[in-house]
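The structure appears right after this line, and notes come after that.
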Amino acid sequence: MAATRSEARLRRRSQAALPRSFYERPVTVVARALIGCVLAHGDCAGLIVETEAYHQSEPACHAYVGYTERTSTLFGPPGLAYVYRSYGIHALFNAVCEPEGVGAAVLVRALQPLAGQALMRARRGVSAELALCSGPGKLTQALGIELAANRCDLREGPVRVLGRADGADSPRVAAGPRIGITKAAELPWRFALAGSRYLSRPLPASGLARARHAR
DNA sequence: CATGGGATTGACT
DNA sequence: GTCAATCCCATGC
């Protein structure tokens, strides 16, 4: 199995899969910490540039309704994938957070493609790199992540999340209100890599100032 | 068992 | 800017 150029590039950008303890923290902390990490599936991978936090205590979170078959993943152990179908069409990818028994997850909303761009273009049916993973439904389509990945252990795959490379500068992270929700829309629980061109949408101008804190 | 509402996207006015 | 596509699931009869 020969190492491709993109695999070599990926190794420089990231390292090992994140431990369970990384996810077993307040969900807004994890949402911010995931910026600059890598999401990978098969030959495709991308730098996480945009996330949102969801917690059982607020009504925008699926876990708000309590423990059901659907939300059981959210209440399960941290470090697993929660993948669900949105608007009947798109699969949305989340990383389950907080201790087992607490319903919370980080939605990954956008990636900067790092590897497998040709396959991403084929799956997406578009050529512009900026359009490959600039939205939560787009990135799952580009990486080939489907509902079968629900409950997948992100340390083992097939869908994996890798930590930032050693020595990499801490990314500047901006915060703002979450997108596309009607409930608890005021919480500044959306996080983005400051200045990234790969976001699903730009952040409000006040984003960097608000980045200082949330939760 | 029927119904309604989405953590979206892309096409179209 | 508006709007339909399309399916999963929570809720209520």
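Not measured: the values here are computed from a predicted model. The chains referred to below are lettered A, B, ... by the order of the sequence lines, with proteins before strands, and numbering in each begins at 1.
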Does [X] make a side-chain N or O approach to OP1 or OP2 of [N] shorter than 4.0 Å?
| X | N | result |
| --- | --- | --- |
| Lys183(A) | dA7(B) | no |
| Ser86(A) | dA7(B) | no |
| His62(A) | dC9(C) | no |
| Arg109(A) | dT8(B) | yes |

Quick check for you: among [options], whose closest atom lies nearest to any side-chain atom of [X]?
| X | options | value |
| --- | --- | --- |
| Tyr82(A) | dA7(B), dT9(B), dA10(C) | dA7(B) |
| Arg70(A) | dG10(B), dA10(C), dT6(C) | dA10(C) |
| Tyr84(A) | dA7(B), dA5(C), dT9(B) | dA7(B) |

Exercise for the section: Would you please classify the geometry between the Tyr67(A) ring and the Phe75(A) ring as parallel, tilted or perpendicular, with 30° and 60° separating the classes? Expected result: tilted
Rounded to whole Å, how long is the line connecting atom [atom1] of [X] with atom [atom2] of [N]?
| X | N | atom1 | atom2 | answer |
| --- | --- | --- | --- | --- |
| Arg85(A) | dA5(C) | CZ | C1' | 12 Å |
| Gln141(A) | dA5(C) | CD | P | 19 Å |
| Arg124(A) | dG10(B) | CZ | C1' | 9 Å |
| Leu92(A) | dC8(C) | CG | C1' | 13 Å |
| Leu147(A) | dC7(C) | CG | P | 11 Å |
| Trp189(A) | dA7(B) | CH2 | P | 15 Å |
| Tyr64(A) | dT11(C) | OH | P | 12 Å |
| His90(A) | dT9(B) | NE2 | C1' | 4 Å |

Exercise for the section: Kindly indicate whether the side chain of Tyr87(A) and the base of dA7(B) share any N or O donor-acceptor pair separated by less than 3.5 Å? Expected result: no
Exercise for the section: Would you check if Leu143(A) and Leu111(A) make a side-chain contact, meaning some heavy-atom pair closer than 4.5 Å? Expected result: yes
Exercise for the section: Name the nucleic acid region contacted by Arg178(A), choosing base, sugar-phosphate or nothing; use a 4.0 angstrom heavy-atom cut-off, strictly under. Expected result: nothing
Exercise for the section: Remember a base hit wins even if backbone is also touched, and classify Ile181(A) as base, sugar-phosphate or nothing at under 4.0 Å, heavy atoms. Expected result: sugar-phosphate
Completion exercise
Between Ala104(A) and Glu98(A) the two heavy atoms that sit nearest each other are CB-CG, 3.6 Å
Handout entry: For the student: nearest non-hydrogen atoms of Val27(A) and His55(A), plus distance
Key = CG1-CB, 4.0 Å
Practice task
Mind checking the CZ-CZ spacing from Arg25(A) to Arg32(A)? Nearest 0.5 Å is all I need.
Solution key: 11.5 Å
Problem - Whole-angstrom distance between dC3(C) and dG5(B), as gauged at atom P - result: 16 Å
Problem - N-O pairing of Arg190(A) and Glu50(A) below 4.0 Å - result: yes
Exercise for the section: Classify the side-chain pair Arg123(A)/Gln141(A) by whether it contains a donor and acceptor separated by less than 3.5 Å. Expected result: no
Fill in the blank from the handout: Here DNA chain C, pairs taken as Watson-Crick or G-U under 3.5 Å and shown with ( ), [ ] when crossing and | when to another strand, reads |||||.||||||.
Exercise for the section: Answer yes or no for Arg178(A) and Tyr54(A): cation-pi contact, defined as NZ/CZ to six-membered ring centre under 6.0 Å and angle to ring axis within 45°. Expected result: yes
